[in-house]
Engineer: 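Quick one: this structure, given as structure tokens, is what I'll be asking you about.
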Amino acid sequence: MSLQLQLQWAQDGLCSVMEIDDETFFAIRGSSTRRGKAICRMCPINEDCFEYSLDYDMEFGVWGGIEQHSRDYIKRKSNLGVYDKTVSS
């Protein structure tokens, strides 16, 4: 399956339809991703995006409203049989 086809669902994301700079979701040292997380909370595909980030082990950026360090924490918890996205939102 092509990457374009794999990411077709993402076309409905607010990050795809709004004019947003990359730093909103991929912070550089010293900047904040607070705005990116707020956009994700309103996004209709928030859960799909979050699941994609876990399935494909996305290392950088905000996906589904969750930053990398929080996704790592969630993955560790899920490996223990405890999964709750809200633990780090």
Side-chain angles (χ1 to χ4, degrees):
M1 180 182 308
S2 74
L3 181 60
Q4 184 178 11
L5 187 56
Q6 288 177 19
L7 294 176
Q8 190 170 5
W9 58 268
Q11 294 175 3
D12 294 328
L14 292 179
C15 59
S16 293
V17 298
M18 297 174 68
E19 289 188 29
I20 304 170
D21 60 15
D22 292 340
E23 289 81 23
T24 301
F25 299 100
F26 298 90
I28 54 175
R29 185 176 291 280
S31 66
S32 172
T33 55
R34 188 175 300 137
R35 181 171 178 251
K37 292 177 189 177
I39 292 168
C40 289
R41 282 193 294 274
M42 298 181 296
C43 185
I45 62 164
N46 179 299
E47 291 295 323
D48 293 329
C49 185
F50 174 70
E51 292 296 329
Y52 178 85
S53 75
L54 293 179
D55 292 345
Y56 290 91
D57 202 24
M58 302 308 289
E59 293 186 42
F60 304 102
V62 175
W63 291 80
I66 306 294
E67 294 177 316
Q68 173 60 32
H69 67 276
S70 297
R71 288 193 303 272
D72 288 343
Y73 177 80
I74 291 167
K75 284 192 277 188
R76 284 193 304 274
K77 286 290 198 180
S78 68
N79 288 338
L80 297 173
V82 178
Y83 170 79
D84 183 0
K85 179 181 173 187
T86 62
V87 296
S88 61
S89 293

Engineer: Less than 4.5 Å apart, side chain to side chain, heavy atoms only: is that true for Asp12 and Cys43?
Structural biologist: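 Not touching, per the 4.5 Å side-chain cut-off.
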Engineer: Is there a path of hydrophobic side-chain contacts, each under 4.5 Å between heavy atoms of I, L, V, M, F, W or Y residues, that connects Met58 with Ile28?
Structural biologist: no
Engineer: What is the minimum heavy-atom distance between Cys40 and Val62, and which atoms define it?
Structural biologist: SG-CG1, 3.9 Å
Engineer: How long is the gap from CG on Asp55 to CZ on Phe50, to the nearest 0.5 Å?
Structural biologist: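 Nearest 0.5 Å value for the CG-CZ distance: 10.0 Å.
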Engineer: Does any N or O in the side chain of Asn46 come within less than 3.5 Å of the main-chain N or O of Cys49, such that one atom is a donor and the other an acceptor?
Structural biologist: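 No, the answer is negative, given that no donor and acceptor are paired below the 3.5 Å cut-off.
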Engineer: Taking atom CD1 of Ile20 and atom CD1 of Ile39, what is their separation to the nearest 0.5 Å?
Structural biologist: 3.5 Å
Engineer: Between Arg71 and Ser53 (side chain of the first, backbone of the second, donor and acceptor by atom type, cut-off under 3.5 Å), is there such a pair?
Structural biologist: no
Engineer: From Ile74 CD1 over to His69 NE2, what is the distance, rounded to the nearest 0.5 angstrom?
Structural biologist: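 If I round to the nearest 0.5 Å, the distance is 9.5 Å.
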Engineer: Any chance you could measure Arg35, atom CZ, to Phe25, atom CZ, to the nearest 0.5 Å?
Structural biologist: 7.5 Å
Engineer: For atom CZ of Phe60, is the number of surrounding heavy atoms from other residues, nucleotides or ligands below 6.0 Å larger than 12?
Structural biologist: no
Engineer: Backbone N or O of Ala10 within a donor-acceptor pair of the Ser16 side chain at under 3.5 Å?
Structural biologist: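 Side chain of Ser16 to backbone of Ala10, a donor-acceptor pair under 3.5 Å: yes, one is there.
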Engineer: Rounded to the nearest 0.5 Å, what separates atom CD1 in Ile66 from atom NZ in Lys37?
Structural biologist: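 Output value for this atom pair is 7.5 Å.
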Engineer: Calculate, to the nearest 0.5 Å, the distance between atoms CG and CD belonging to Leu54 and Glu51 respectively.
Structural biologist: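 Interatomic distance, Leu54 CG to Glu51 CD, rounded to 0.5 Å: 5.5 Å.
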